[in-house]
Amino acid sequence: MKFRTIKGTKDILPGESALWQYVESAVRRVMQSFNYQEIRTPAFEQTGLFARSIGELTDIVSKEMYTFLDRSEESVTLRPEGTAATLRAFIQNNLGEQSPLTKVYYIGPMFRQERPQAGRLRQFHQFGAEALGASSPQLDVEMMVLPLEIYKQLGIDRFSLKINSVGCEKCRPAYKQLLQTELRKVFTQLSHDSQVRVEQNPLRVLDSKDEKDRELTAGMPLMNNHLCDECAVHFASVQSLLDALELTYEVDGRLVRGLDYYTKTAFEITSTALGSQDALAGGGRYDLLMEELGGKQTPGVGFAAGLERLLMVLAKLEKNITASSVPVIYFVGLDEPSRIWAFLKSNELRRQGICAEVDYLGRSVKSQMREANRMQARFVIVVGEQELKTKTARLKNMQTGEETAVSLDHITFPS
RNA sequence: GUGGCCAUAGUUCAGUUGGUUAGAACGCCAGGUUGUGGCCCUGGAGGUCGUGGGUUCAAAUCCCACUGGUCACCCCA
């Protein structure tokens, strides 16, 4: 009998957790600089919340959600993304009444039941942010700057930023009809997936990865050429702000993204250092979503980024980040009284915040020294009958090998 | 959901046309120094060869099924 992790889930082992913490602290640091506060919502919610916000017809809702009935027959779902729950919390707790603009970030596990592959897991981790209450294009840009700044601080530079505008409720319907008319002309030649989308979500057909679909739709009208005045001005502002920040980006008129709730700005950050699943982060504006979920009309914009994929890029770029802690002092005990003394002394040092380690296995001096070496302990003190009697010992610098006399009552470490 | 590839010590892998007690490297443990690590040397522990079935005198090796992993498609973080 052997228990294993569920398909598509992974243990983050002791050897890797320091790197995770390093990345997470970079995320938190940048978020704080931009004055975003953390929000922690439950890992699961009522199924309807996701169906309503993400869209019944999206891949996420139609085939990827971890949905099950709990013991009271209520349908619950492990969150597949972070925005829906954040807005739910915003509405439920009347955050909009406390201040006109709410800026929050989150970091935590998400769940989607897909076939795992490189860069895709069933439980994966995202960090993201949402700015709720303002329609300024500055915030749209802030959502791109946040992940880009985090990547920059981690030393990642090989990414590309693609942006688009998917319009709003005023301009999208007319464009949608225009596009559908064009698509129907080549309907029979389209791929099966695209044929289904012609009626349900025609914009997505333009984002098809199918070669034939690409050719067929090559000359078709794009949303960003049919924006209403408001959306056009907004999109232009986003671009001029990006220009002013000297950020390189590409306008991709076919970019749509897989969540139905976007209005106006949509964007995606990809990395050439990744494999087939190359999206590092994505986001956009969702001015209608709050009302859709039963809240007061509140504009909003956000982004989400994958932690595993960020870690994959770091690994690919061979950024050697050593963030793990090592013991300052390792006590080698020769006999039982010395071992007990070492245990008590290390306890005392530990309470002062100094990482101290001892041998718990009754091992030989040689083994204890090897252990201290393996742990990369900075100093070693060998304690025996002699040392306890004289209250002095030799402090060995493990890097240089040199030994200096120290008092066992007042151990001090040279810097 | 569909498809390709893979499955042998803790890890990375070898295993000759099926043929005796399945190997290496690294790692781990111990010793070489009756109280001092790294390098080196010696020894040791560790494998129901993913699981089940079949072919055969004989299967890690050939066949089938299953399970798991991995990569790709769709889509996304």
Side-chain angles (χ1 to χ4, degrees), chain A residues 1-10 13 15 54 57-65 79-83 106-128 147 191-194 196-197 201 204 207-211 213 255-259 268-271 274-283 303-313 330-335 338 359 361 363-387 393-403:
Chain A
M1 166 62 96
K2 238 181 176 178
F3 291 114
R4 296 185 48 84
T5 49
I6 301 288
K7 182 196 283 287
T9 67
K10 272 198 161 61
L13 299 170
I54 299 166
L57 301 173
T58 61
D59 285 359
I60 291 176
V61 173
S62 65
K63 61 182 193 189
E64 296 171 4
M65 293 208 302
R79 60 178 182 188
E81 53 100 55
T83 302
Y106 58 82
I107 176 163
M110 305 294 165
F111 308 84
R112 292 182 201 173
Q113 189 162 180
E114 300 179 81
R115 193 78 164 263
Q117 71 181 77
R120 174 190 292 158
L121 292 167
R122 289 187 170 183
Q123 174 173 340
F124 58 104
H125 298 77
Q126 287 188 332
F127 59 91
S191 66
H192 176 74
D193 284 341
S194 288
V196 174
R197 289 180 191 134
N201 191 353
R204 278 271 294 288
D207 210 5
S208 170
K209 298 235 174 86
D210 187 281
E211 283 286 333
D213 288 352
L255 181 69
V256 176
R257 305 198 44 76
L259 298 92
E268 192 168 79
I269 298 168
T270 56
S271 168
L274 291 177
S276 176
Q277 309 303 319
D278 64 352
L280 266 179
F303 84 91
L307 264 169
E308 281 85 356
R309 290 190 186 172
L310 169 49
L311 259 2
M312 284 172 75
V313 174
Y330 188 103
F331 290 105
V332 171
L334 293 179
D335 51 16
S338 306
D359 171 58
L361 302 174
R363 287 183 282 190
S364 67
V365 176
K366 182 182 190 127
S367 292
Q368 292 185 61
M369 287 302 295
R370 278 185 177 156
E371 183 68 10
N373 184 59
R374 177 172 30 225
M375 287 179 174
Q376 296 181 284
R378 288 174 53 207
F379 299 101
V380 162
I381 288 178
V382 178
V383 189
E385 203 179 340
Q386 187 72 20
E387 283 79 6
R394 283 170 298 164
L395 179 74
K396 179 164 185 170
N397 181 323
M398 290 295 277
Q399 222 145 50
T400 64
E402 80 183 281
E403 297 187 321

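This one's a predicted model, so the numbers in the text were calculated from it and none came from an experiment. Letters go in sequence order (proteins before strands), and every chain restarts at 1.
Rounded to a whole angstrom, the distance from the C1' atom of B:C26 to that of B:G19 is 31 Å. Nucleotides B:G31 and B:U55, compared at atom C1', are 50 Å apart to the nearest Å. Here the separation of B:U2 from B:G54, taken at their P atoms, is 29 Å to the nearest Å.
Of the candidate nucleotides B:G68, B:G35, B:U70, B:G35 has the atom nearest to the side chain of A:R394.
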- In dot-bracket form, how is RNA chain B paired, counting a Watson-Crick or G-U wobble pair only if both its distances are under 3.5 Å and using | for bases paired to another strand? (((((((..((((.....[...)))).(((((.......))))).....(((((..]....))))))))))))....
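Proximity of A:S367 to the phosphate of B:C29: no side-chain N or O atom is located under 4.0 Å from OP1 or OP2. The phosphate of B:A30 has neither OP1 nor OP2 within less than 4.0 Å of any side-chain N or O from A:K366.
Within 4.0 Å of A:Q386, counting heavy atoms only, lies at least one base atom of the nucleic acid. Residue A:S364 is classed as a sugar-phosphate contact, given heavy-atom separations below 4.0 Å to backbone atoms only. At a threshold of 4.0 angstrom between heavy atoms, the contacts of A:V365 are confined to the sugar-phosphate backbone, with no base atom among them.
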What pairs of nitrogen or oxygen atoms, one from the protein and one from nucleotides 5-7 of chain B, lie under 3.5 Å apart?
none

Sort me out a list of protein N/O and nucleotides 26-28 of chain B N/O pairs below 3.5 Å, or just none if empty.
| residue | atom | partner | partner atom | Å |
| --- | --- | --- | --- | --- |
| B:C28 | OP1 | A:R374 | NH1 | 2.3 |

Sequence neighbours left out, cut at 3.5 Å: what donor-acceptor pairs do the side chains of residues 106-113 of chain A make with other protein atoms?
| residue | atom | partner | partner atom | Å |
| --- | --- | --- | --- | --- |
| A:R112 | NE | A:P80 | O | 2.9 |
| A:R112 | NH2 | A:P80 | O | 3.0 |

- Message: Using a 4.0 Å heavy-atom cut-off to protein, can you give one letter per nucleotide of nucleotides 71-77 of chain B, 5' to 3': B if the base is in contact, S if only the sugar-phosphate is, - if neither?
- Response: BBBBBBB
- Per-nucleotide protein contact string for nucleotides 41-48 of chain B (B base, S sugar-phosphate only, - none; heavy atom under 4.0 Å): --------
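Counting all heavy atoms, side chain and backbone alike, A:D207 lies closest to A:V256 at OD2-N, 3.4 Å.
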